[in-house]
Amino acid sequence: MPSIRRYLRHLWLSFTLLPGLASAHALEIHGSNTIGATLAPMLMTGFLQQLTGNPVTARPTGTANETVLATSYNGKPMTVLVAAHGTSTGFSALAADHADIWAASRRVKGSEREAMATRADLTSPASEHVIAIDGLAILVHPSNPVEQLNIDTLARVFAGEISNWSEVGGPDRPIRIYARDEQSGTWDTFKELVLAGRYNLTPSAQRYESNDQLSNDVSNDPSGIGFAGFASAGNSKLLAIADGNAPALKPSALSVATEDYPLARRLYLYTAGNTGEPLARQFIEYVQSPTGQAIVAESGFFPQTPFAVDLPPDASVPDTFRRLTEHYQRLSVNFRFAEGRTQLDNKARRDLQRVQQYLQDSGKTGRDLMLIGFADQQSHELRAQMISELRALSAAKALREMGTRVQGYVGYGHYMPVGSAGGESGARRNGRVEVWVRR
């Protein structure tokens, strides 16, 4: 049953508000500072301008990391609240029906999904919306000569086991650690992908609610190292990161968009299925549109609109793969999978539509596509080959059901991993279908 608060807002949107209730916000977004600091206000401003045809102003509420966006709609005042106090606070607000949209810089946890199960399945396409890709950037001072670290070394640095830069090829200088706070989805992502349950953050770390403030402090500290969303890198230097035997990569437009970069992460908006505020669903569709994704790019994050890239020669690429792709460009989309080996995840379902739109805009057809499936590390090469082929076939079938017939699809087994062999995060990233388009 809708809450009294939501019911009153429905009345407001129908312009039958009772006197004294006009201060109610039309929408409230709570959660991630990564999203809420800049991205969510920019997206909401564009949405409200398109919806109302009127200018939108932003003002602080008097509480840190909160913004109210104000406009008018059919002659009535209209406001939206963006409260960016951390991903976990956004879930609490959604669960308590104090938020229409939960902004999260990590995926919903199993415990959170269970807590909301009577209202909505937060992992369903109706509730889970990937709005952008972010690279979790590892930041150091611009003068630091260190260029790359592998994930295990990085974890030992943040755990305090490596405490001097000379131990990793840098100057004889103590390492100072900068980290996001416990409420942050950025911290949750770092803890999952880097510390991975094997290490604990050193107690001496300085903790921050704000990505931008953390990055600014690292850029002024020759001893410092920290992590933040890529959009907040500022004047800090970015390190290349290696996962296992895979090549070290810096966050870039292609490596992050395809999620090949080891510390790439998805940014989410969650809603209570189709039972929530209709205006929230309109906003979600706006965010997923080409217009919304253009704002994502403008904000400094990585949009999901596909683009094609000619890859430079790479001696690490097998000859067979080079011959396979020599007449193709890499598209900035990887299809990935949910539970099971061949079920496309919620982002992939949206990406199918984006690939179709790319073909239409570029004057190409499904005949110009080649889908290359990959498996995570398997004990038998034949099993890996079969899984990779099934994944490529699954993506081709999904496109065919949407009217795009793909003739070129192939499996490449468990070769060319982008992450460590096995393990949950490595398996997620290695289990993929790359999309290539004919030149």
Side-chain angles (χ1 to χ4, degrees), residues 32 34-35 39 43 87 101-109 113 121-136 185 189 192-193 229-230 251 253-271 273 281 283-290 292-297 301-307 330-358 369 371-374 376 391-392 394-399 401-402 404 418-419 424-425 427-435:
S32 165
T34 300
I35 298 172
L39 178 57
L43 288 167
T87 292
I101 299 172
W102 167 28
S105 51
R106 57 157 172 83
R107 199 177 188 217
V108 60
K109 297 177 180 179
R113 179 184 182 185
D121 177 2
L122 291 185
T123 62
S124 71
S127 291
E128 183 179 72
H129 318 281
V130 178
I131 62 164
I133 308 297
D134 186 21
L136 194 63
T189 300
E192 176 188 352
L193 296 182
F230 178 83
L254 182 65
S255 70
V256 175
T258 58
E259 301 175 276
D260 287 348
Y261 173 62
L263 303 184
R265 61 170 176 172
R266 299 174 175 189
L267 301 182
Y268 298 85
L269 296 180
Y270 284 96
T271 55
R281 296 199 295 275
F283 173 64
I284 295 293
E285 289 306 312
Y286 174 84
V287 171
Q288 299 286 21
S289 73
Q293 289 299 298
I295 294 175
V296 169
F301 293 100
F302 296 87
Q304 301 170 90
T305 304
F307 58 89
R330 176 84 182 272
L331 211 58
S332 62
V333 173
N334 277 348
F335 295 131
R336 285 192 162 80
F337 298 84
E339 294 79 6
R341 301 275 182 200
T342 58
Q343 179 186 342
L344 292 167
D345 68 13
N346 291 336
K347 172 172 162 48
R349 296 183 190 192
R350 285 276 189 177
D351 285 338
L352 292 169
Q353 300 172 33
R354 295 185 177 110
V355 168
Q356 280 194 312
Q357 188 63 52
Y358 171 84
L369 289 183
L371 307 178
I372 306 178
F374 294 84
D376 46 298
R391 283 177 170 155
S394 177
K397 180 181 177 183
L399 281 166
E401 290 172 349
M402 297 171 63
T404 298
V418 292
E424 186 179 0
S425 77
R428 270 203 309 267
R429 292 194 301 114
N430 291 331
R432 67 199 189 277
V433 173
E434 294 183 357
V435 184

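Sequential numbering from 1 along the given sequence is applied to the chain's residues.
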Quick one: does any side-chain atom of [X] pair with a main-chain N or O of [Y] as donor and acceptor, under 3.5 Å?
X      : Y      : value
Gln304 : Lys347 : no
Asp121 : Ser127 : no
Gln356 : Met402 : yes
Ser289 : Tyr286 : yes
Thr87  : Ser105 : yes
Tyr270 : Ala104 : no
Asp345 : Ala348 : yes
Gln293 : Ile131 : yes

Can you tell if the side chain of [X] reaches within under 4.5 Å of the side chain of [Y], non-hydrogen atoms only?
X      : Y      : result
Val355 : Thr404 : no
Phe374 : Val418 : no
Phe307 : Thr305 : no
Phe301 : Leu39  : yes
Leu269 : Phe283 : yes
Val130 : Arg350 : no

Which atoms form the tightest heavy-atom contact between [X] and [Y], and what is the distance?
X      : Y      : value
Leu193 : Ala264 : CD1-O, 4.1 Å
Thr271 : Ala126 : OG1-O, 3.3 Å
Ser255 : Thr258 : O-OG1, 3.5 Å
Leu136 : Tyr261 : O-OH, 3.1 Å
Asp260 : Asn334 : OD1-ND2, 3.1 Å
Leu43  : Gly292 : CD2-O, 3.4 Å

Asp351 side, atom CG; Tyr358 side, atom OH - distance, nearest 0.5 Å =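 So the gap between those two atoms works out to 14.5 Å.
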query = Distance from Gln353 atom CD to Leu399 atom CG, nearest 0.5 Å?
reply =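 Here the interatomic distance stands at 10.5 Å.
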ask   = So Arg336 and Glu259, salt bridge (charged side-chain N to carboxylate O under 4.0 Å, His left out) or not? Walk me through it.
value = CA-CA 10 Å; Arg336 285 192 162 80; Glu259 301 175 276; 3.6 Å; yes
message = Assess the residue pair Glu285 and Arg281 against the criterion (side-chain contact (heavy atoms from CB on, under 4.5 Å)); give the C-alpha distance rounded to whole Å, side-chain angles, the decisive distance to 0.1 Å, and a yes or no.
response = CA-CA 6 Å; Glu285 289 306 312; Arg281 296 199 295 275; 5.9 Å; no
request  = For Arg330 and Leu254, run side-chain contact (heavy atoms from CB on, under 4.5 Å): C-alpha distance rounded to whole Å, both residues' side-chain angles, the deciding distance at 0.1 Å, then the answer.
outcome  = CA-CA 9 Å; Arg330 176 84 182 272; Leu254 182 65; 4.3 Å; yes
task = Using side chain to side chain contact (heavy atoms under 4.5 Å, CB included) as the criterion, point out the one residue from Asp134, Thr189, Asn346, Ile133 that pairs with Arg266.
result =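 Exactly one pass, corresponding to Ile133.
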query = Please walk me through it: do Phe337 and Ser394 pass side-chain contact (heavy atoms from CB on, under 4.5 Å)?
reply = CA-CA 10 Å; Phe337 298 84; Ser394 177; 4.3 Å; yes
ask   = Leu344 and Leu352: side-chain contact (heavy atoms from CB on, under 4.5 Å), yes or no, with the steps?
value = CA-CA 10 Å; Leu344 292 167; Leu352 292 169; 4.0 Å; yes
task = State which residue, out of Arg107, Arg113, Glu128, fulfils the side chain to side chain donor-acceptor pair (under 3.5 Å) condition with Thr123.
result =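 Exactly one pass, corresponding to Arg113.
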